[in-house]
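Below: one structure, written as C-alpha cells.
Just so we're clear, the structure is a prediction, and the values are computed from it rather than from any experiment.
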Amino acid sequence: MDEEQAGLRLDKFLAQSLITEHSRERLQTLIKQGHVRILGKPITKPAYTLQEGDEIYLTLPMLTPISLTPENIPLRVLFEDEQMLVLHKPAGMLTHPTPKETTGTLVNALLFHCQGNLSGINGEIRPGIVHRLDRDTAGLLMVAKTDQAHRHLSAQLKEKSARREYMAIVQGVFSDNHGTVDAPIGRDSRHRDKMGIRMDGRPARTHWEVQDRVQDSFTLLRLKLETGRTHQIRVHMASIGHPLVNDALYGSGLGKALKLSEKLGVPGQLLQAVALGFTHPLTLEPMRFEEPVCQDFMAAWTHLGGAELRAFQ
C-alpha cells in the first residue's frame with residue numbers, strides 16, 4: 001500500500017484494483033464474509049481505512065454450481081442479443097429464488113430460456129439479475145448474459161445514467177403536479193421485512209408527476225427513480241402520506257377494504273415499471289423501452305373511478 005492509496009476505503013480500493021473482476025457490491029460481501037486479511041488479520045468492514053504499508057490478501061471462495069432448476073416458464077422478451085435481455089416480469093412472480101421458494105421465479109425461467117448463459121456476478125441464486133422488482137410489481141427488467149454486460153449495466157444504475165420510470169396509483173390527491181421525495185432508506189429496526197426512512201439509511205430520491213386524479217380519493221402518478229433502494233417508491237410514497245393502493249406492507253388497509261385482489265385479481269401494490277433507458281453494454285447505443293400498463297392496472301384505475309388509461313399508454 002503506497003502513500004497515495006492510504007486513506008481509501010478498503011472496498012473502494014479493491015474495486016479500483018479489480019475493476020474488471022468484481023463489482024464493488026460483490027467485494028463488500030466478500031469482505032463481510034471474512035475473505036480479506038490485512039497484515040495477517042481478517043478485516044470484515046468494507047469501510048476500513050487503508051494505511052500506508054498495509055498488505056492486503058483477498059481469497060476468493062470456490063464457485064458453487066447453480067443448483068436451481070431451469071423451468072419452461074413463458075417470458076415476454078422485448079429485446080435480446082448475446083449480451084443481455086429486456087423483458088416484462090409479471091406481477092406475482094419473484095425475481096429470484098429465496099431460501100423458502102426455489103421454483104417458479106424469473107431466474108428459473110431465465111435459466112431455461114438462456115440455457116444457463118447468464119452473468120455470475122450476483123452469485124448462484126441471482127444469475128443475470130442486474131436489478132429487481134418486488135414480487136407484486138410488474139414491468140420492465142434488464143438481464144445480463146455476460147459479466148461484462150452486468151458490470152456495465154450496474155455502473156449505469158450506480159451513476160444514475162440509466163432511466164427507470166413507473167406508473168402507480170396512490171391514496172389521496174396531491175395539491176402540486178410534480179415533486180421529489182429525497183429521504184434516506186434503511187431496514188426497519190422493528191420489522192425486518194420492511195424498509196423505512198432512516199437518517200442513517202442510504203440516500204434515495206424519487207421524482208413524481210401527477211397524471212390524473214379521482215376527486216379527493218386517488219392519484220395516478222408517473223415516477224422516475226434516481227436511486228434504486230429496496231421498496232423505494234412504496235416507502236417514499238407512504239412517508240408523505242400517499243401509500244400505494246393495495247400495498248399490504250406499507251398501505252393503510254384501504255386496499256384490503258376495497259377488495260381489489262378479490263374483485264379484480266390484483267395481487268398487490270398498484271405499481272408497474274413502464275419505461276427503461278440505458279446504453280447498450282457492448283455497442284454503447286442508447287436504448288429505450290416502454291410498455292403500456294397491464295390490464296389489471298387499467299381495470300383497477302377504472303374501478304376506482306379513473307378515466308380510461310389509453311392516453312397514458
Side-chain angles (χ1 to χ4, degrees), residues 88-93 133-141 163-183 185 194-197 204-277 289-313:
H88 170 89
K89 185 195 81 69
M93 173 185 273
L133 294 175
D134 298 336
R135 181 201 289 267
D136 293 330
T137 299
L140 300 178
L141 274 176
R163 298 286 181 250
R164 288 169 290 173
E165 299 179 19
Y166 294 72
M167 293 288 284
I169 301 174
V170 302
Q171 296 180 31
V173 173
F174 288 80
S175 56
D176 296 325
N177 289 325
H178 56 82
T180 297
V181 182
D182 188 352
I185 291 176
K194 297 181 67 174
M195 308 297 287
I197 304 300
R205 181 184 285 254
T206 304
H207 306 284
W208 56 266
E209 182 178 356
V210 172
Q211 303 294 295
D212 201 4
R213 297 176 174 89
V214 175
Q215 298 178 357
D216 59 351
S217 301
F218 306 102
T219 302
L220 179 69
L221 294 178
R222 191 174 185 99
L223 306 108
K224 297 181 181 180
L225 289 184
E226 191 171 311
T227 53
R229 309 305 176 208
T230 300
H231 300 173
Q232 179 171 320
I233 290 175
R234 299 165 66 188
V235 172
H236 272 174
M237 290 301 102
S239 74
I240 60 173
H242 295 284
L244 271 63
V245 173
N246 218 44
D247 190 336
L249 193 58
Y250 299 100
S252 63
L254 178 61
K256 186 175 181 180
L258 292 169
K259 298 183 178 180
L260 295 179
S261 298
E262 299 174 24
K263 295 179 180 179
L264 303 176
V266 179
Q269 64 273 358
L270 288 165
L271 177 66
Q272 181 177 337
V274 295
L276 191 59
F289 298 88
E290 295 190 53
E291 67 172 2
V293 291
C294 300
Q295 290 294 327
D296 58 354
F297 190 107
M298 287 191 276
W301 179 244
T302 303
H303 179 78
L304 294 173
E308 187 72 30
L309 283 184
R310 296 183 186 277
F312 304 105
Q313 297 182 44

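In this structure, the side chains of D134 and D136 stay at 4.5 Å or more apart for every pair of heavy atoms. Contact check for V181 versus S239: side-chain heavy atoms found under the 4.5 Å cut-off.
Residues satisfying the salt bridge (charged side-chain N to carboxylate O under 4.0 Å, His left out) criterion with R164, sequence neighbours excluded, are absent altogether. With sequence neighbours left out, E290 forms a side-chain hydrogen bond (donor to acceptor under 3.5 Å, both in side chains) with R288.
Closest of all the heavy-atom pairs between V210 and D176 is CG2-O, 3.5 Å. Closest non-hydrogen pair, H236 versus A183, comes out as NE2-O, 2.9 Å. Considering every non-hydrogen atom in both V274 and L140, the closest pair reads O-CD1, 3.6 Å. A pairwise comparison of heavy atoms in Q232 and L225 identifies NE2-CD2, 3.3 Å as the closest pair. Nearest heavy atoms, N246 versus S261: ND2-OG, 3.4 Å. Considering every non-hydrogen atom in both L221 and W208, the closest pair reads CD2-CE3, 4.1 Å.
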**Q.** Full working for side chain to side chain contact (heavy atoms under 4.5 Å, CB included) between E209 and N177
**A.** CA-CA 6 Å; E209 182 178 356; N177 289 325; 5.8 Å; no
(Q) Between I233 and L244, is the side chain to side chain contact (heavy atoms under 4.5 Å, CB included) condition met? List the steps. (A) CA-CA 9 Å; I233 290 175; L244 271 63; 4.2 Å; yes
Q) M167 and L220: side chain to side chain contact (heavy atoms under 4.5 Å, CB included), yes or no, with the steps? A) CA-CA 7 Å; M167 293 288 284; L220 179 69; 3.9 Å; yes
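One finds the CG atom of L133 at 9.5 Å from the NE2 atom of H88 (value rounded to the nearest 0.5 Å). Interatomic distance, CD of Q211 versus CD1 of I169, reported as 12.0 Å (0.5 Å rounding). For the atom pair CG of L276 and CG of L141, the computed distance is 8.0 Å after rounding to the nearest 0.5 Å. In this structure, OH on Y250 lies 6.5 Å from CE on M195, to the nearest 0.5 angstrom. Interatomic distance, OG1 of T219 versus CE of M237, reported as 10.5 Å (0.5 Å rounding). With rounding to the nearest 0.5 angstrom, the CD atom of E226 is 8.0 Å from the CZ atom of R163.
A donor-acceptor pair under 3.5 Å is absent between the side-chain atoms of H242 and the main chain of F174, judged by distance alone. With hydrogens and angles disregarded, no donor-acceptor distance shorter than 3.5 Å links the side chain of Y166 to the backbone of G139.
Taking the six-membered ring for Trp and the full ring otherwise, the centers of F218 and W301 sit at least 6.0 Å from each other.
Test R234, Q171, H231 against D247 for side chain to side chain donor-acceptor pair (under 3.5 Å) and you get one pass: R234.
For K194, the NZ atom sits in a packed shell: over 12 heavy atoms of surrounding residues, nucleotides or ligands are nearer than 6.0 Å. By the 6.0 Å contact criterion, NE2 on H178 is open, its count of non-hydrogen atoms from other residues, nucleotides or ligands being 12 or less.
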Check: residues 262-273 side-chain donor-acceptor pairs under 3.5 Å, at least two apart:
{"from": "Q269", "atom 1": "NE2", "to": "T137", "atom 2": "OG1", "distance (Å)": "3.0"}
{"from": "Q272", "atom 1": "OE1", "to": "C294", "atom 2": "N", "distance (Å)": "2.7"}
{"from": "Q272", "atom 1": "NE2", "to": "E291", "atom 2": "OE2", "distance (Å)": "3.1"}
{"from": "Q272", "atom 1": "NE2", "to": "P292", "atom 2": "O", "distance (Å)": "3.0"}

